[in-house]
Amino acid sequence: MGLAQYAIIPVRDQWGVLHDGDVNGEYATKEAAFEAAIAAASLAMRQGHEVHVSVPARNEAKADPSH
């Protein structure tokens with residue numbers, strides 16, 4: 001099976017889920033986008049895919065670069 005990757009990304013003043021080069025949804029919160037990505041990732045996992053989900057830190061500018 002293949003690899004299913006989901007990335008939570010900022011979209012203007014909202015959040016979206018990047019998957020297969022497309023941004024899906026416009027969510028008011030990062031948490032809502034994460035929940036949508038996890039639902040999709042769960043389905044992909046049941047289908048036998050390797051799954052990666054990434055979520056940016058609260059404030060990328062303040063993120064610790066050592067992590």
Side-chain angles (χ1 to χ4, degrees):
M1 286 284 149
L3 171 63
Q5 295 181 303
Y6 303 87
I8 309 307
I9 61 169
V11 178
R12 294 175 292 283
D13 61 343
Q14 296 185 319
W15 295 90
V17 180
L18 177 63
H19 174 68
D20 287 343
D22 295 321
V23 178
N24 300 301
E26 290 187 13
Y27 301 93
T29 66
K30 184 169 35 172
E31 292 81 4
F34 174 78
E35 290 174 5
I38 292 303
S42 179
L43 177 60
M45 186 179 66
R46 280 193 300 262
Q47 293 173 342
H49 298 284
E50 178 179 350
V51 174
H52 294 186
V53 178
S54 66
V55 182
R58 180 176 298 152
N59 184 343
E60 287 292 338
K62 292 184 178 180
D64 183 350
S66 66
H67 289 99

Taking only residues two or more places apart in sequence, or in another chain, which ones meet Ala40 in a side-chain contact (heavy atoms from CB on, under 4.5 Å)?
Tyr6
Result for side chain to side chain contact (heavy atoms under 4.5 Å, CB included) between Val17 and one of Val11, Val53, Ile38, Ile8 points to Ile8
Salt bridge (Lys or Arg N to Asp or Glu O under 4.0 Å) contacts in which one or both residues fall within residues 1-17, not counting sequence neighbours
Arg12-Glu26
Minimal non-hydrogen separation, Ala44 against Ala4, with atom names
CB-CB, 3.8 Å
Which residues, ordered by chain and number, are linked to Leu43 in its hydrophobic cluster, where ILVMFWY side chains connect at heavy-atom gaps below 4.5 Å, directly or through other members?
none
Sort and list the pairs that fulfil side chain to side chain donor-acceptor pair (under 3.5 Å) and have at least one residue in residues 14-23, not counting sequence neighbours.
none
For residues 37-49, the side chain to side chain donor-acceptor pair (under 3.5 Å) pairs (sequence neighbours left out) are Ser42-Arg46
Which pairs with one or both residues in residues 27-45 pass salt bridge (Lys or Arg N to Asp or Glu O under 4.0 Å), sequence neighbours excluded?
none
